[in-house]
Amino acid sequence: MSYADPPGGCRRRRRVDASDEAAVAALIAEHGVTALLNATDPRLVMPLFRACLAAGVTYLDMAMSMSLPHATAPYTQPGVKLGDEQFALDDAFREAGVLALVGMGVEPGLSDVFARFAADHLFSVIDELGVRDGSDLRVEGRGFAPPFSIRTLIEECLNPPVVWERERGWFTTEPFSEPEVFDFPEGIGPLECVNVEHEEVLLMPRWVDAKRVTFTYGLGEQVIAVLRTLHELGLSSTVPVRVGDVAVSPREVVAACLPDPAGLGHTMTGRTCAGLWVSGVGVDGEPREVYLYHVVDNAWSMREYGCQAVVWQTAVNPVVALELLATGVWSGRGVPGPEAFDAVPFLDLLTAYGSPWGMREGG
């Protein structure tokens, strides 16, 4: 955790065990911290979340509390869903007068903002909110080098994907189900997208009226094949196995063998796209489809900020949200997602930061 001294002071950095709820709350109180941005592994969401409730300070995260598949029917029924542990504390945050803005990265985050914008300004009836993400990123000399945490990639791709429908509520499917080809903008082109587990499906139906909500990801055949192989070999497991005299987590071994995603930028080329496909009836009463999207070119983000595209695209969104909260443009209490707030100030500020979003008619 880091914090800034009052104006005229210097920024100092402190280390704290993020799994120690009491230690985090004490550090918040000691230094008068007013907001905590959680950029840690999802396994640490709940202690940081509870620490902010105890300390009475604003909380933001970019990934929500973890899921647990249904014990007997994992591919038809959800068990513990992403964010369930956090939403269970909504009343407690409201009573304490504290805001916890959850899912405020790029995905989840920006597509949730797009959902609010579509509902308020583009559509009178929404049939489907479909998050569609993809990229043409390549890392020189490596056939498989995820641009973000392999731990997160394994979790969201091998856990049962969640779909929401008005008549059924939330339900699950098989990993990599319902493949479709989606044509991504700005030169990325067509990619096969498949269902994966992601927070947007658990967030959007709570605040935006739609008949169906989905999340599919343009992983590509090679990534899907690698993930399937890791799973079949038991290398996706977090349960330690004994190797000689040492017990090790197979997933941690995989993570240790891969390069740090934050350091890939200098050997990476291509663009990443986060976006939301929306279908339904426009405000003019006519059928309409649009794709609202945000593309970041790795060459641009490296040149301007020294960060690879996925890292930068993820980080800019909570920065925008923090500014809106600090200025009072966004405010509230409880545990809302991004779609609970006016989208226009967010999208305007994102553009002002030099990273404009786009809209394509026809999906």
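As a basis for the values below, the full set of heavy atoms in this structure was taken, side chains included, without hydrogen atoms, waters or symmetry mates.
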S.K.: Do the side chains of Val208 and Leu129 get nearer than 4.5 Å, heavy atoms only?
M.R.: yes

S.K.: Same cluster or not: are Leu233 and Val226 linked, directly or through other Ile, Leu, Val, Met, Phe, Trp or Tyr residues, by side-chain heavy atoms under 4.5 angstrom apart?
M.R.: yes

S.K.: Just by modelled atom types, is the Val335 backbone N or O under 3.5 Å from a matching donor or acceptor in the Asp90 side chain?
M.R.: yes

S.K.: Kindly compute the distance separating CG (Asn317) from OG (Ser355), expressed to the nearest 0.5 Å.
M.R.: 8.0 Å

S.K.: Between Arg116 and Trp207, is there a donor-acceptor pair closer than 3.5 Å when you use the side chain of the first and the backbone of the second?
M.R.: yes

S.K.: Can you confirm if the aromatic rings of Phe93 and Phe49 lie within a centre distance of less than 6.0 Å?
M.R.: yes

S.K.: Could you measure the distance from the CG atom of Leu350 to the CG atom of Leu110? Nearest 0.5 Å is fine.
M.R.: 6.5 Å

S.K.: Could you tell me whether the side chains of His70 and Thr172 share a donor-acceptor contact shorter than 3.5 Å?
M.R.: no

S.K.: Does Thr216 form a side chain to side chain contact (heavy atoms under 4.5 Å, CB included) with Glu180? I'd like the steps, not just the answer.
M.R.: CA-CA 9 Å; Thr216 68; Glu180 63 168 7; 3.7 Å; yes

S.K.: What I'd like to find out is whether the side chain of Phe123 reaches to under 4.5 Å of the side chain of Val283, using heavy atoms alone.
M.R.: no

S.K.: Centres of the Tyr291 and Phe182 rings: under 6.0 Å?
M.R.: yes

S.K.: Tell me if a side-chain donor or acceptor on Asp120 pairs with a main-chain N or O of Phe117 at a distance below 3.5 Å.
M.R.: no

S.K.: With a 4.0 Å cut-off, would you call Glu339 and Arg206 a salt bridge?
M.R.: no

S.K.: Does a salt bridge link Arg94 with Asp91, judged by any charged N lying under 4.0 Å from a carboxylate O?
M.R.: no

S.K.: Working to the nearest 0.5 angstrom, can you tell me the gap between Leu158 CG and Ser237 OG?
M.R.: 11.0 Å

S.K.: I need the minimum non-hydrogen distance between Ser236 and Ile154, along with the two atoms involved.
M.R.: CB-CG2, 3.8 Å

S.K.: So for atom CD, which belongs to Glu140, do other residues, nucleotides or ligands contribute more than 12 heavy atoms lying within a distance under 6.0 Å?
M.R.: no

S.K.: With the side chain counted from C-beta on, respond yes when Phe87 and Leu203 share a heavy-atom pair under 4.5 Å apart, and no when they do not.
M.R.: yes

S.K.: Locate the shortest heavy-atom distance separating Pro250 from Gly234; write the atom from each residue and the value.
M.R.: CB-O, 3.5 Å

S.K.: Quick one, Asp127 with Arg212, criterion salt bridge (charged side-chain N to carboxylate O under 4.0 Å, His left out). Give me CA distance, side-chain angles, the key distance, then yes/no.
M.R.: CA-CA 6 Å; Asp127 291 331; Arg212 178 176 164 89; over 6 Å; no

S.K.: Indicate if Leu325 and Val113 have the same hydrophobic cluster label, given that clusters are the connected sets of ILVMFWY residues with side-chain heavy-atom separations under 4.5 angstrom.
M.R.: yes

S.K.: List the steps and the verdict of side chain to side chain contact (heavy atoms under 4.5 Å, CB included) for Thr58 and Leu36.
M.R.: CA-CA 6 Å; Thr58 299; Leu36 184 149; over 6 Å; no

S.K.: Could you state whether Leu37 and Met104 fall into the same hydrophobic cluster, counting links through intermediate Ile, Leu, Val, Met, Phe, Trp or Tyr residues with side-chain heavy atoms under 4.5 angstrom apart?
M.R.: yes

S.K.: Please check if the side chain of Asn298 supplies one atom and the backbone of Ala309 the other of a donor-acceptor pair under 3.5 Å.
M.R.: yes

S.K.: For Val310, is there any backbone N or O sitting under 3.5 Å from a side-chain donor or acceptor partner on Thr314?
M.R.: yes

S.K.: To check you understand the geometry: which heavy-atom pair defines the closest contact between Pro185 and Val295, and what is its length?
M.R.: CG-CG2, 4.4 Å

S.K.: Quick check: closest heavy atoms across Val24 and Ala51, and the distance to 0.1 Å?
M.R.: CG1-CB, 3.7 Å

S.K.: What do you reckon, are the aromatic ring centroids of Trp312 and Tyr305 less than 6.0 Å apart?
M.R.: yes

S.K.: With the threshold set at 4.0 Å, does a side-chain nitrogen-carboxylate oxygen contact exist between Arg166 and Glu128?
M.R.: no

S.K.: Mind running side chain to side chain contact (heavy atoms under 4.5 Å, CB included) on Ser67 and Val80 for me, showing each step along the way?
M.R.: CA-CA 5 Å; Ser67 64; Val80 176; 5.6 Å; no

S.K.: Answer yes or no: is there a donor N or O on one side and an acceptor on the other, between the side chain of Glu199 and the main chain of Met64, under 3.5 Å?
M.R.: yes

S.K.: Can you confirm whether Glu323 sits close enough to Leu349 that some side-chain heavy atom of one is under 4.5 Å from a side-chain heavy atom of the other?
M.R.: yes

S.K.: Is any NZ, NE, NH1 or NH2 atom of the basic residue among Arg132 and Glu200 found under 4.0 Å from an Asp or Glu carboxylate oxygen of the other?
M.R.: no

S.K.: Any non-hydrogen side-chain atom of Tyr59 less than 4.5 Å from a side-chain atom of Leu48?
M.R.: yes

S.K.: Using atom types as modelled and distance alone, determine if a side-chain donor or acceptor of Ser124 lies under 3.5 Å from a backbone N or O of Gly282.
M.R.: yes

S.K.: Are the charged groups of Glu252 and Arg151 less than 4.0 angstrom apart, N to O?
M.R.: yes

S.K.: Quick check: closest heavy atoms across Gly103 and Pro338, and the distance to 0.1 Å?
M.R.: O-CG, 3.3 Å

S.K.: Is the distance between the ring centroids of Phe346 and Trp330 under 6.0 Å?
M.R.: yes

S.K.: With hydrophobic residues grouped by side-chain heavy-atom distances under 4.5 Å, do Val311 and Leu137 end up in a single group?
M.R.: no

S.K.: Using every non-hydrogen atom in the two residues, find where Asp136 and Gly187 come nearest and quote the distance to one decimal.
M.R.: OD2-O, 4.1 Å

S.K.: Rounded to the nearest 0.5 Å, what separates atom CG in Asp297 from atom OG1 in Thr269?
M.R.: 9.0 Å

S.K.: Determine whether Pro240 and Val248 make a side-chain contact, defined as any pair of heavy atoms from C-beta on separated by less than 4.5 Å.
M.R.: no

S.K.: Judged by atom type as modelled, is there a donor-acceptor pair below 3.5 Å linking the side chain of Asn195 to the main-chain atoms of Phe176?
M.R.: no

S.K.: Are any non-hydrogen side-chain atoms of Asp61 and Gln86 less than 4.5 angstrom apart?
M.R.: yes

S.K.: Hey, could you give me the CG/NE2 distance between Leu347 and His294, rounded to the nearest 0.5 Å?
M.R.: 9.5 Å

S.K.: Quick check for you: to the nearest 0.5 Å, what is the distance between Arg43 atom CZ and Ser19 atom OG?
M.R.: 10.5 Å

S.K.: Go through it in stages, so that I can follow the logic: the residues are Arg271 and Ser135, the test is side chain to side chain contact (heavy atoms under 4.5 Å, CB included), and I'd like the CA-CA distance, side-chain angles, deciding distance and then a yes or no.
M.R.: CA-CA 6 Å; Arg271 294 140 295 190; Ser135 76; over 6 Å; no

S.K.: Applying a strict under-4.5 Å side-chain criterion to I, L, V, M, F, W and Y, I'd like to know whether Val98 and Val102 cluster together.
M.R.: yes

S.K.: So, does Glu165 use its side chain to make a donor-acceptor pair with the main chain of Glu167 at under 3.5 Å?
M.R.: no

S.K.: Check whether any side-chain heavy atom of Leu122 sits under 4.5 Å from a side-chain heavy atom of Leu292, and report yes or no.
M.R.: yes

S.K.: Using modelled atom types and a 3.5 Å cut-off, is there a donor and acceptor pairing between side-chain atoms of Ser177 and backbone atoms of Thr173?
M.R.: no

S.K.: Is there a side-chain hydrogen bond (donor to acceptor under 3.5 Å, both in side chains) between Glu107 and His198? Walk through the geometry before answering.
M.R.: CA-CA 8 Å; Glu107 305 291 38; His198 232 258; over 6 Å; no

